Amino acid sequence: MSLIRSTLHMLWMGITVIPYTLAVLLTRWLGGGPRRVYAVARAWLKLSVDSARVIMGVRHRVQGMENLPTDPKQGVVLLVKHQSTYETFLMPAIMPRPLAYVFKKELLMVPFFGWSIGSMDMIHIDRKHGSRAFHKVVEQGKRLLGQGTWVIMFPEGTRIPRGERGEYKTGATRLAIMTGVPVVPIAVTSAKCWPRKAFIKTPGVVDVSIGKPIPSVGRKHEELMVEVENWIEAEMQRLDPEAYRA
């Protein structure tokens, strides 16, 4: 049954991404601003999350929304635990502000999906360029954060199997410190239902826990990332204790 439901969901996403991508491109070509283009793309991401609930029984439960800043001018850097594709769809669907992902440029080559994100005001980088890539993140990040857009990053850099901890890289905390905005740690247990690189998904609840903003002013990027990592990993063990049993 899970195979059938997963196949149906994949087909649904494949069918719906085409008209939504065309809508994104058309909105941009007609002079729609970044917020309007984002709204169209967000509608498809929310549709994907809602259809995962209806078709596959993958639901989400969020705690800590009250920790998010309410000032529309306040920028933040969201640092999210990365276990599957699910949270890349879920975060824009639940967040009250437009988000800008930092992502590798190779994603721009993905038909339809890549064309959509390439049309949006986000930050795509070439990881091979090292310091030049980070300079681009800082330059564009400052502009976006100054507009009240929240920058979202996965500090482990890639999807991590359930119950495991990746290497937390300091690029996100360096960006926060250089722009003077707080960081918000977020734990997500998506691999309980949507395992890393797995086609078959299983019904269940994905827990999302949003931590309190951590000021970055006067901090060192390494110690700030250690604080973020400790909070996320402790929260992951609280939310998904079965995955961390010895």
Side-chain angles (χ1 to χ4, degrees), residues 38 42 45-46 48-50 52-53 57-102 141 144-145 148-157 159-160 162-166 168-173 175-177 179-194 196 203-217 219 221 223-244:
Y38 179 85
R42 180 183 180 276
L45 296 171
K46 188 176 185 304
S48 298
V49 171
D50 291 341
R53 171 178 53 80
V58 177
R59 297 171 286 122
H60 65 274
R61 178 170 54 201
V62 184
Q63 55 185 287
M65 288 292 288
E66 69 277 4
N67 292 327
L68 295 171
T70 56
D71 183 351
K73 297 181 180 179
Q74 175 64 65
V76 298
V77 177
L78 304 177
L79 301 182
V80 184
K81 180 72 178 182
H82 198 16
Q83 290 191 324
S84 75
T85 306
Y86 184 75
E87 53 267 17
T88 63
F89 299 152
L90 181 63
M91 289 299 118
I94 65 174
M95 287 296 162
R97 299 282 184 275
L99 304 183
Y101 278 97
V102 177
L144 291 164
L145 290 165
T149 296
W150 294 352
V151 174
I152 179 170
M153 300 178 72
F154 300 115
E156 293 164 291
R159 290 168 290 178
I160 304 299
R162 184 183 180 194
E164 295 186 16
R165 177 190 304 215
Y168 280 69
K169 302 173 179 63
T170 59
T173 51
L175 171 63
I177 290 169
T179 54
V181 302
V183 298
V184 174
I186 301 177
V188 184
T189 64
S190 57
K192 289 192 297 182
C193 307
W194 193 309
R196 171 178 176 263
V205 178
V206 174
D207 280 298
V208 179
S209 181
I210 302 170
K212 294 181 179 179
I214 305 173
S216 65
V217 177
R219 302 292 299 272
H221 59 264
E223 66 162 330
L224 181 55
M225 183 52 76
V226 168
E227 183 175 348
V228 168
E229 178 180 357
N230 289 341
W231 188 91
I232 290 177
E233 293 301 325
E235 194 68 356
M236 291 296 296
Q237 293 185 42
R238 184 184 74 82
L239 296 172
D240 190 12
E242 291 184 2
Y244 293 88

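Since we're looking at a predicted model, the values are computed, not measured.
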* Are Val208 and Met91 close enough that some pair of their side-chain heavy atoms sits under 4.5 Å apart? -> yes

* With sequence neighbours excluded, what pairs up with Glu227 under the side chain to side chain donor-acceptor pair (under 3.5 Å) test? -> Arg219

* **Residue list, side chain to side chain contact (heavy atoms under 4.5 Å, CB included) with Ala172, at least two apart or on another chain** => Val77, Leu79, Met153, Met225

* **Pairing residues for Tyr168 by the ring-ring contact (aromatic ring centres under 6.0 Å, His included) criterion, not counting sequence neighbours** => none

* Pairing residues for Pro72 by the side chain to side chain contact (heavy atoms under 4.5 Å, CB included) criterion, not counting sequence neighbours -> Arg97

* Asked: Hey, is the main chain of Thr88 close enough, under 3.5 Å, to the side chain of Tyr101 for a donor-acceptor pair?
  -> yes

* Pro182 and Pro213: which non-hydrogen atoms are nearest, and at how many Å? -> CB-CB, 4.0 Å

* To do: Using the side-chain contact (heavy atoms from CB on, under 4.5 Å) rule, take Tyr86 and Val206 through it: C-alpha gap first, then chi angles, then the decisive distance, then the call.
  => CA-CA 9 Å; Tyr86 184 75; Val206 174; 3.9 Å; yes

* Asked: Which heavy-atom pair separates Leu239 from Ala187 by the least distance, and what is that distance?
  -> CD1-CB, 4.1 Å

* Structure fact -> side chain to side chain donor-acceptor pair (under 3.5 Å) pairs touching residues 62-76, sequence neighbours excluded, are Gln63-Arg238

* Structure fact -> Only residue of Val76, Ile94, Ile210, Ile186 satisfying side chain to side chain contact (heavy atoms under 4.5 Å, CB included) with Leu68 is Ile210

* Gap between atom CD1 of Ile152 and atom CG of Leu99 - 0.5 Å precision -> 5.5 Å

* Compare every heavy atom of Val184 with every heavy atom of Gly211, then report the nearest pair and how far apart it is. => O-CG1, 3.5 Å

* Asked: If you look at every heavy atom in Leu175 and Gly141, which pair is closest and at what distance?
  -> CD1-CA, 4.3 Å

* Pairwise distance CE(Met95) to CG(Leu90) - rounded to 0.5 angstrom -> 8.0 Å

* Measure from the side-chain N and O atoms of Arg159 to the backbone N and O of Arg196, and report whether any donor-acceptor pair falls under 3.5 Å. => no

* Glu233/Lys81 salt bridge by N-O under 4.0 Å criterion -> yes

* Please name all residues satisfying side chain to side chain donor-acceptor pair (under 3.5 Å) with Ser190, sequence neighbours left out, ordered by chain then number. => Ser84, Glu87

* Asked: Which residues satisfy the ring-ring contact (aromatic ring centres under 6.0 Å, His included) test with His82, sequence neighbours excluded?
  -> Phe154

* Residues two or more places apart in sequence or in another chain: which of them pass side chain to side chain contact (heavy atoms under 4.5 Å, CB included) with Ala234? -> none

* Minimum heavy-atom distance Ala191-Arg162, with the two atoms named -> CB-CB, 3.6 Å

* Which heavy atom of Ser216 sits nearest a heavy atom of Val181, and at what distance? -> OG-O, 2.6 Å

* Structure fact -> Quick note, salt bridge (Lys or Arg N to Asp or Glu O under 4.0 Å) partners involving residues 203-217, not counting sequence neighbours, are Arg61-Asp207, Lys192-Asp207

* Tell me, please, which residues at least two apart from Arg59 pass side chain to side chain contact (heavy atoms under 4.5 Å, CB included). => Arg53, Val205

* Asked: Any donor-acceptor pair under 3.5 Å linking the side chain of Asp240 with the backbone of Met236?
  -> no

* To do: Using side chain to side chain donor-acceptor pair (under 3.5 Å) as the criterion, list what pairs up with Tyr38, not counting sequence neighbours.
  => none

* Structure fact -> By salt bridge (Lys or Arg N to Asp or Glu O under 4.0 Å), Lys46 pairs with (sequence neighbours left out) Asp50

